[in-house]
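Here's the structure, in C-alpha cells; my notes come after.
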Amino acid sequence: MSELPRLTVIGTGYLGATHAVCMAELGFEVLGLDIDEAKVESLQQGRVPFFEPGLPELLQKNLDSGRLRFTTSYEEVGAFGDVPFVCVGTPQKLGEYAADLTFVDAAFAALVPCARAGSLLVGKSTVPAGTAERLAALLEQARGAEVDLAWNPEFLREGFAVEDTLAPDRLVFGVRPGERGQRAEQQLRAAFAPVIGRHNGGPTPVVVTDLATAQLVKVAANAFLATKISFINAMAEVCEATGGDVTMLSKALSYDDRIGGRFLHAGLGFGGGCLPKDIRAFMARAGELGVDQALSFLKEVDAINLRRRARMVEIAREEVGGSFGGMRVAVLGAAFKPNSDDIRDSPALDVAATIQRQGAAVCLYDPAAMDNARIKCPELGYRDSALDAAKGADLVLHLTEWTEFREMEPAALSEVVAERRMVDGRNALDPERWRSAGWTYRALGRP
Ligand SMILES: NC(=O)c1ccc[n+]([C@@H]2O[C@H](COP(=O)([O-])OP(=O)(O)OC[C@H]3O[C@@H](n4cnc5c(N)ncnc54)[C@H](O)[C@@H]3O)[C@@H](O)[C@H]2O)c1
C-alpha cells in the first residue's frame, strides 16, 4: 500500500468530488463522504453528478484502482484517515447577504467526535473570516490538543477543475500559531506532496498564513475578480452612452501589463455558486467587524453586475419593437459560464426567465445545463439543439459563450428563424460574420 497519508473528503459536490478524485489520481487512498445518498451512490457507480470535463474518466479509473470510495458514514471517515478535507457548501442566507454556515457547522459537529487522535481537520469551504477560529475553539473544548484544525482555501475554476486541482497556481495553508501550526503545516505538506512538486516550471508556491488570512485570501481573490469584471462592464455602460466600443477599449487596455486582459471582457457579467455570494458574504462580515466602509465599493460592483442583466433585457425588448408580447425568443446558454452545468445565480437563466415573465415564449438550449435549468425554471421551453431553439424565433440571444455557439454558422440559423436578429450578451460572436449574413447584431457596450 502507498506511503502517502489516507485522505477523506467531506461534501462531494463540485469542489469535494473533484478534490477526492484528483487526490486519488495523485496516488492517495481517498474516502469521500456526503449526506446526499443519491450523490454517493452515483459517484460510487462511476457517474459524476455534474458536468466537469475530464472528471468522469478519472473517477472511473480511480474507482477501478481501488484507491477511491464513497460513503455516507462519518464513523467510517473517522476510522479511515487523519486528514479530512471539509468541502461542504456555504450558500448565501435566504434574504440576507451573509453566508449560511449551517452545513459547515453540521459537518464539523459530525466529524469532531469521530476524528482519530492526531487528525488535522482541514476546512476548504469558502467561509467568512472568524469561522475557523470559532470552530477551533469548539474543537479545543471537545478534544483538547488531540485534534487540530487548518484552513486551505480552494481556487479551482469550474470547467478547469481537474487541471486546477492537479496543478494549482498556489496553495494557501492557514494554521494556528506555534508548534501545533508547524505540525499542521507538515501534515498539509504531506497531504499535498505530489501537488507541490507538479507546478509547471518549479514547485507550486505554498503560502503559509494564520487562519484569518487564509480565510480572507479566498474572498479577497473573488472580490478582486468581480471588481475587474464590473469595472469593464461599467466602461460598457459609458461606451453605450458615448458611442464607444468596449471590446476595442478592453483590447487597448489589455496591452498594459499593469492592467492585463484577463477578466476584462465586457458582457452579461458574473454569476455562479461563488463570486456573487462570496462578495455579499464578505460585505456582511465586514459590517459585523465594523469595517463596512472598506468594502462598500463591492455594493457597486454587485449593482453594476446586476444592471447588465437588466440592460440585456432592455436591448432584447427594443429589438422586438418594444414589447415581448407574442414574441418567440431563442436563448442560447443557461449555465453561468461555458464548460459547466452550474446554473447557480446564472445571468443567462436570469435573463431568460425575466423575458418569459414579460410575455415572450422562450426556447432555450444549453450543451450541458438543461437538466439543472429545467428544475430551476420549468416554465421555459427546452430544445435539444441551438437550431431547434431558434426555430421560428423573432430574436436570438447568445448568453453563455460555449464554443459550439461561438462557431455557429449564421447561414444555418438563418434558415430556421422568423427574423434574423441576434443580441450577443457575451461579446463573443463576430459582428461582421452575422451582419454579412443579413442579421442585425447588437451587443452590450458597443454600437
Ligand atoms: N464550485 C467551485 O468552483 C468552488 C471553488 C472554490 C471554492 N468553492 C467553495 O467550496 C464549497 C463547496 O462548493 P460546491 O460548489 O462544491 O458546493 P456543492 O453544493 O456542489 O457541494 C456541497 C456538498 O456538500 C454536501 N453536504 C452538505 N452538508 C453536509 C454535511 N453535513 N456532511 C457532508 N456533506 C454535506 C452536499 O450534499 C453537497 O453535495 C463552498 O464553500 C464554495 O464556495 C467552490
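One-based numbering, in listed order, for ligands and for the atoms of each.
- If you look at L156 next to ligand 1, the close heavy atoms, those under 4.0 Å, come from the backbone and the side chain alike.
- Residue contacts with ligand 1, taken as heavy atom pairs separated by less than 4.0 Å, do not involve R157 at all.
- Between A99, A281, C274, G123, it is C274 that holds the heavy atom closest to atom 8 (N) of ligand 1.
- Taking a cut-off of under 4.0 Å to the non-hydrogen atoms of K39, the atoms of ligand 1 that pass are 38 (C), 39 (O).
- The pair R67-E29 fails the salt-bridge criterion, with no side-chain N (NZ, NE, NH1 or NH2) lying under 4.0 Å from an Asp/Glu carboxylate O.
- Close contacts of ligand 1 with Y74, meaning ligand atoms under 4.0 Å from a residue heavy atom, involve 30 (C), 31 (N), 32 (N), 33 (C).
- Contacts between F160 and ligand 1, counted as non-hydrogen atom pairs separated by less than 4.0 Å, are absent for every part of the residue.
- For atom 22 (C) of ligand 1, the closest non-hydrogen atom of the protein is G89 N, 3.5 Å.
- Near S125, meaning under 4.0 Å from one of its heavy atoms, ligand 1 places the atoms 41 (O).
- Aromatic pair F173/F192: ring centres closer than 6.0 Å.
- Between the side chains of D64 and Q60, at least one donor-acceptor pair of N or O atoms lies under 3.5 Å.
- Distance alone, capped at 3.5 Å, is enough to place a donor-acceptor pair between the T165 side chain and the A161 backbone.
- Within the 4.0 Å heavy-atom criterion, the part of R344 lying near ligand 1 is the side chain and not the backbone.
- At a 4.0 Å heavy-atom cut-off, ligand 1 touches K277 through the side chain alone.
- Looking at atom 6 (C) of ligand 1, its nearest protein heavy atom turns out to be E154 O, 3.3 Å.
- When hydrogens are left out, the protein atom nearest atom 21 (O) of ligand 1 is G13 CA, 3.2 Å; that is the closest non-hydrogen contact.
- Annotation for ligand 1: atoms under 4.0 Å from non-hydrogen atoms of T90 are 40 (C), 41 (O), 43 (O).
- In terms of modelled atom types and a separation under 3.5 Å, the side chain of K228 and the main chain of R262 share a donor-acceptor contact.
- Heavy atoms from other residues, nucleotides or ligands lying under 6.0 Å from CD of E379 number more than 12.
- Closest to atom 11 (C) of ligand 1, if we only count protein heavy atoms, is V88 O, 3.3 Å.
- Contacts between P153 and ligand 1 below 4.0 angstrom, taking non-hydrogen atoms only, are absent altogether.
- Each of the following atoms of ligand 1 lies closer than 4.0 Å to a heavy atom of Y14: 1 (N), 15 (O), 16 (O), 20 (O).
- Looking only at protein heavy atoms, the nearest one to atom 37 (O) of ligand 1 is D34 OD1, 2.6 Å.
- Near E158, meaning under 4.0 Å from one of its heavy atoms, ligand 1 places the atoms 1 (N), 2 (C), 3 (O).
- With respect to atom 10 (O) of ligand 1, the closest heavy atom belonging to the protein is L15 CD2, 3.0 Å.
- Salt bridge status for E300 with R307: present, with a side-chain N to carboxylate O gap under 4.0 Å.
- Distances below 4.0 Å separate heavy atoms of L33 from the following atoms of ligand 1: 33 (C).
- Counting only heavy atoms of the protein, atom 9 (C) of ligand 1 lies nearest to T126 OG1, 3.5 Å.
- Between E140 and R180 there is a salt bridge, since at least one side-chain N of the basic residue sits less than 4.0 Å from a carboxylate O of the acidic one.
- Between D342 and S340, the side chains place no donor N or O within less than 3.5 Å of an acceptor N or O (distance only, hydrogens not considered).
- The shortest distance between side-chain heavy atoms of V246 and I232 falls below 4.5 Å.
- Surrounding OH of Y382 are more than 12 heavy atoms belonging to other residues, nucleotides or ligands, all under 6.0 Å away.
- The closest side-chain donor-acceptor pair between S346 and K376, if any, does not fall under 3.5 angstrom.
- Between the side chains of Q92 and E96, no donor N or O sits under 3.5 Å from an acceptor N or O.
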